[in-house]
Amino acid sequence: MAGTQAMTVRTRFAPSPTGLLHIGGARTALFNYLFARHHGGQFLLRIEDTDRERSTQEATQVILDGLAWLGLETDQPPVFQSTRQARHAEVAQQMLAAGRAYRCFLTSAELDRMREQAKAEGRGLRIESPWRDRDLAEAPQGAPSVIRLRAPREGETVVHDLVQGDVRVANAELDDMIILRSDGTPTYLHAVVVDDHDMGITHVIRGDDHLTNTFRQVQVYEAMGWKPPLFGHVPLIHGADGAKLSKRHGAQSVTEFRTMGYLPEALCNYLLRLGWGHGDTEIFSRAEAISLFDIDAVGRAASRMDYAKLAHVNGVWLRAADDDRLAREVLERLAHRPGLALGTQAAHRIRVLIPHLKERAKTLVELTDSASFLAHPLPLPMEPKAAAQLSAENRLMLREVAAALAETDFSPAGVDTALRSYAERTGRKLGTVAQPLRAALTGSTVSPGIDAVLVALGRDEALARIEAAAA
RNA sequence: GACCCCUUCGUCUAGUGGUUAGGACACCAGCCUUUCACGCUGGUAACACGGGUUCGAGCCCCGUAGGGGUCGCCA
């Protein structure tokens with residue numbers, strides 16, 4: 001164990017490119033990233049693309065884009081597992097030469113039969129290959145063979161898990177796993193070990209669906225005389241109904257969350273709190289997360305997605321977000337909507353009103369919805385409730401309001417004073433003036449403060465809208 | 001089925017033998033207010049069950065139940 005203290009932490013995120021970055025994978029990546037940063041170590045990425053049929057360049061790009069969007073930058077270019085097959089085979093040969101592995105000529109038909117029998121007898125589905133102890137000379141000539149690990153039969157294998165504690169299993173429960181297929185390619189369990197070792201990974205943080213497979217991986221480390229890394233198996237994220245996340249749970253890829261208008265810092269914050277806590281604190285910046293996160297505070301139970309809470313956290317970060325950035329996001333989203341006049345004027349109005357808009361939105365989609373009226377050319381579409389505000393009587397009033405407003409400098413204080421004095425002068429409550437005005441200006445009954453809306457629209461546009469509504 | 005893991009309000013969690021079991025989201029009531037939000041105040045709501053150990057257990061041990069995961073020449 002000498003040198004343990006000096007050893008720099010090195011973690012990795014190792015997704016297989018299936019076409020999306022799963023929300024659970026995103027959290028695993030986040031934990032790996034935070035753990036590495038917290039300990040001043042390195043965070044690496046390995047694309048597990050050994051299944052060539054399912055792996056594509058586009059799928060890999062989705063993962064890269066997702067990580068970049070989340071702000072989880074790696075310290076080295078990604079390692080592609082498919083490029084390392086020669087090395088995987090080499091290690092398997094070493095194990096074979098050392099007697100820690102053996103060639104097995106069992107056919108898949110024989111394997112099926114053994115499994116069925118085991119099932120019928122109520123035993124675990126453990127394969128015991130006769131070739132473990134059989135003379136190679138008895139092997140059928142030219143028949144395909146795989147290489148199996150010669151796993152210990154006695155004793156037990158223990159994983160000192162950073163999250164789950166010591167987990168042990170009797171070696172009699174574990175069968176001799178295949179490390180090299182008959183076509184010479186490595187199996188996942190074998191490739192992972194070789195790659196993690198070669199990459200100098202010190203801490204393997206991953207979903208706890210890998211926990212029981214870890215025993216076999218540990219056996220490979222032992223067979224090679226390699227020091228295994230430390231493992232930390234974090235619980236999985238379940239859907240809102242408690243079941244394993246699947247298609248029917250709706251949003252589950254990072255890309256989808258992005259289009260639904262969640263901010264990356266909010267998604268990270270939410271994911272961080274799913275399975276990890278630090279006292280009563282709920283909101284964590286990236287810097288705070290790095291300084292406070294550690295693997296030992298990760299919980300052991302699976303957690304469920306709670307979209308309401310995600311929305312709340314997103315609202316918090318939205319309000320804290322930079323106004324220029326939000327205006328840019330809104331403009332981009334507005335560009336995909338028909339019937340809008342998206343010129344510099346609209347851009348300016350949006351930028352001016354953003355500070356008020358963001359106070360009442362939880363997602364970028366909501367923010368965009370609430371800003372769209374600013375880019376609408378006349379005539380403004382009217383929501384039914386807004387139209388109801390424009391009674392004959394109120395239209396008359398709006399003419400007077402327009403006249404009063406025209407006298408002002410269209411500053412926030414200016415319009416506010418004008419509206420208040422108009423209300424006072426005519427014996428009305430401010431609300432009875434503001435609501436019809438809001439309808440005229442926005443086509444809605446909901447908006448930021450009416451003075452802010454007036455200022456954002458500017459004199460000409462505001463008066464034109466009132467004029468149109470009062471006609 | 002075998003093996004492994006898990007179990008505090010509806011949800012996410014704090015809690016490491018002595019607490020009125022805390023916070024957040026959601027929900028309800030009220031305040032603020034030019035609408036809606038934000039914000040503020042208050043409220044409903046949890047230690048899965050059964051045995052131990054202990055003066056004392058949400059915290060330790062053992063069962064039970066429930067949930068999850070793994071058992072591929074997939075990753």
J.: Between P on C38(B) and NZ on Lys358(A), what's the gap in Å once rounded to a whole number?
T.: 16 Å
J.: Go through the structure and list residues passing side chain to side chain contact (heavy atoms under 4.5 Å, CB included) with Thr255(A), not counting sequence neighbours.
T.: Val62(A), Ser253(A)
J.: For the pair made of NE2 in His210(A) and P in G68(B), what is the distance, rounded to whole Å?
T.: 19 Å
J.: How far, in whole Å, is G50(B) from A45(B) if one measures between their C1' atoms?
T.: 25 Å
J.: In whole angstroms, how far is the P atom of G15(B) from the NE2 atom of His278(A)?
T.: 9 Å
J.: Give the residues of residues 431-456 of chain A touching RNA chain B, defined as any heavy atom closer than 4.0 Å, sorted by residue number.
T.: Gly431(A), Ala434(A), Gln435(A), Arg438(A), Thr445(A), Val446(A), Ser447(A), Pro448(A), Gly449(A), Ile450(A), Asp451(A)
J.: Over how many whole Å does the gap from Arg216(A) atom CZ to C3(B) atom P extend?
T.: 14 Å
J.: Between A48(B) and C12(B), how far is it from one P atom to the other, in whole Å?
T.: 14 Å
J.: Which class fits the ring pair Tyr221(A) and Phe231(A): parallel under 30°, tilted 30 to 60°, perpendicular over 60°?
T.: perpendicular
J.: With a 3.5 Å cut-off and no angle check, do the side chains of Thr185(A) and Arg181(A) form a donor-acceptor pair?
T.: yes
J.: Aromatic ring centroids of Tyr102(A) and Trp131(A) under 6.0 Å?
T.: no
J.: For Thr368(A), enumerate each residue passing the side chain to side chain donor-acceptor pair (under 3.5 Å) test, keeping only those at least two apart in sequence or located in another chain.
T.: none
J.: Base of C38(B), side chain of Arg360(A) - is there a donor-acceptor contact under 3.5 Å?
T.: no
J.: Using the P atom on both, measure C55(B) against G68(B) and round to a whole Å.
T.: 40 Å
J.: Would you please name every residue forming a side chain to side chain donor-acceptor pair (under 3.5 Å) with Thr214(A), sequence neighbours left out?
T.: Arg206(A), His233(A)
J.: Please tabulate the protein-to-nucleotide N/O contacts below 3.5 Å involving nucleotides 21-24 of chain B, giving atom names and distances.
T.:
unit_1, atom_1, unit_2, atom_2, d
G22(B), N2, Asp280(A), OD1, 3.1
G23(B), N2, Arg273(A), NH2, 3.4
G23(B), N2, Glu282(A), OE2, 2.8
A24(B), O4', Glu282(A), OE2, 3.2
A24(B), O2', Lys309(A), NZ, 3.4
A24(B), N3, Lys309(A), NZ, 3.2

J.: With a 6.0 Å cut-off on the ring centroids, do Phe35(A) and His203(A) count as close?
T.: yes
J.: Look at Arg319(A) and G39(B) and indicate whether a side-chain polar atom (N or O) is within less than 4.0 Å of OP1 or OP2.
T.: yes
J.: Does C32(B) have a Watson-Crick or wobble mate here (both distances under 3.5 Å), and if so which one?
T.: none
J.: Let me know the distance between CZ of Arg84(A) and P of A75(B), rounded to the nearest Å.
T.: 15 Å
J.: Nearest-Å distance, CD (Gln389(A)) to P (U35(B))?
T.: 12 Å
J.: Return the 5'-most residue of the pair Lys362(A), Phe215(A) with respect to RNA chain B, ranking by each residue's nearest nucleotide.
T.: Phe215(A)
J.: Would you tabulate the pairs of protein nitrogen or oxygen atoms and nucleotide nitrogen or oxygen atoms of nucleotides 5-9 of chain B closer than 3.5 angstrom?
T.:
unit_1, atom_1, unit_2, atom_2, d
C5(B), O3', Gln164(A), OE1, 3.4
C5(B), O2', Gln164(A), OE1, 3.2
C6(B), OP1, Arg300(A), NH1, 3.0

J.: Can you name the side chain to side chain donor-acceptor pair (under 3.5 Å) partners of Arg325(A), sequence neighbours left out?
T.: Glu265(A)
J.: If U11(B) has a Watson-Crick or G-U wobble mate with both distances under 3.5 Å, name it; if not, just say none.
T.: A24(B)
J.: For His356(A), give me all partners under ring-ring contact (aromatic ring centres under 6.0 Å, His included), at least two apart in sequence or on another chain.
T.: none
J.: Can you figure out which of U34(B), C12(B), C38(B) approaches the side chain of Leu430(A) most closely?
T.: U34(B)
J.: Mind checking Ile47(A) for me? I need base, sugar-phosphate or nothing, with any heavy atom below 4.0 Å counting as a touch.
T.: nothing
J.: For nucleotides 57-62 of chain B, give me one character per nucleotide, 5' to 3': B if any protein heavy atom sits under 4.0 Å from the base, S if the only such contacts are to the sugar-phosphate, - if neither.
T.: ------
J.: Please check if the number of heavy atoms outside Gln93(A) that lie under 6.0 Å from its CD is greater than 12.
T.: yes
J.: With salt bridge (charged side-chain N to carboxylate O under 4.0 Å, His left out) as the test, would you mind laying out the steps for Arg84(A) and Asp198(A) before giving the verdict?
T.: CA-CA 10 Å; Arg84(A) 299 184 32 83; Asp198(A) 288 0; 2.7 Å; yes
J.: Rounded to whole angstrom, note down the P distance from C60(B) over to C27(B).
T.: 35 Å
J.: According to the Watson-Crick and G-U wobble definitions, with both distances under 3.5 Å, which nucleotide is paired to A2(B)?
T.: U70(B)
J.: Partners of Leu396(A) by side chain to side chain contact (heavy atoms under 4.5 Å, CB included), sequence neighbours excluded?
T.: Arg399(A)
J.: Under a 3.5 Å limit for both distances, which nucleotide forms a Watson-Crick or G-U wobble pair with C49(B), could you say?
T.: G63(B)
J.: Name the orientation class of the two ring planes belonging to Phe284(A) and His278(A) (parallel below 30°, tilted from 30 to 60°, perpendicular beyond 60°).
T.: perpendicular
J.: Rounded to the nearest 0.5 Å, how far apart are CG of Leu390(A) and CG of Leu398(A)?
T.: 6.5 Å
J.: Going by purine N1 to pyrimidine N3 plus the second Watson-Crick contact, or the G-U wobble pair, all under 3.5 Å, which nucleotide sits opposite A57(B)?
T.: none
J.: With sequence neighbours left out, write down each residue that passes side chain to side chain donor-acceptor pair (under 3.5 Å) with His160(A), or none if nothing qualifies.
T.: Asp166(A)
J.: Would you indicate which nucleotide in C73(B), G10(B), U34(B) comes nearest to any side-chain atom of Asp416(A)?
T.: U34(B)
J.: Anything under 30° is parallel, anything over 60° is perpendicular, the rest tilted; go ahead and classify Tyr307(A) against Phe257(A).
T.: parallel
J.: For Asn213(A), which contact category applies under a 4.0 Å heavy-atom criterion: base, sugar-phosphate, or nothing?
T.: base
J.: Name the nucleic acid region contacted by Val169(A), choosing base, sugar-phosphate or nothing; use a 4.0 angstrom heavy-atom cut-off, strictly under.
T.: sugar-phosphate
J.: Which nucleotide, U35(B), C12(B), U70(B), lies nearest any side-chain atom of Ser303(A)?
T.: C12(B)
J.: Only counting residues at least two apart or in another chain, list the ones meeting salt bridge (charged side-chain N to carboxylate O under 4.0 Å, His left out) with Arg132(A).
T.: Asp176(A)
J.: Below 4.0 angstrom from OP1 or OP2 of A75(B), is there any side-chain N or O of Thr50(A)?
T.: yes
J.: For the pair made of CD1 in Ile237(A) and P in U13(B), what is the distance, rounded to whole Å?
T.: 10 Å
J.: Nearest to the Leu111(A) side chain among G69(B), C73(B), U11(B), which nucleotide is it?
T.: C73(B)
J.: Could you say whether Gly277(A) or Cys104(A) is positioned toward the 5' end of RNA chain B, judged by the nucleotide with the nearest heavy atom to each?
T.: Gly277(A)
J.: Given atom OH of Tyr188(A) and atom P of U70(B), what is their separation to the nearest angstrom?
T.: 11 Å
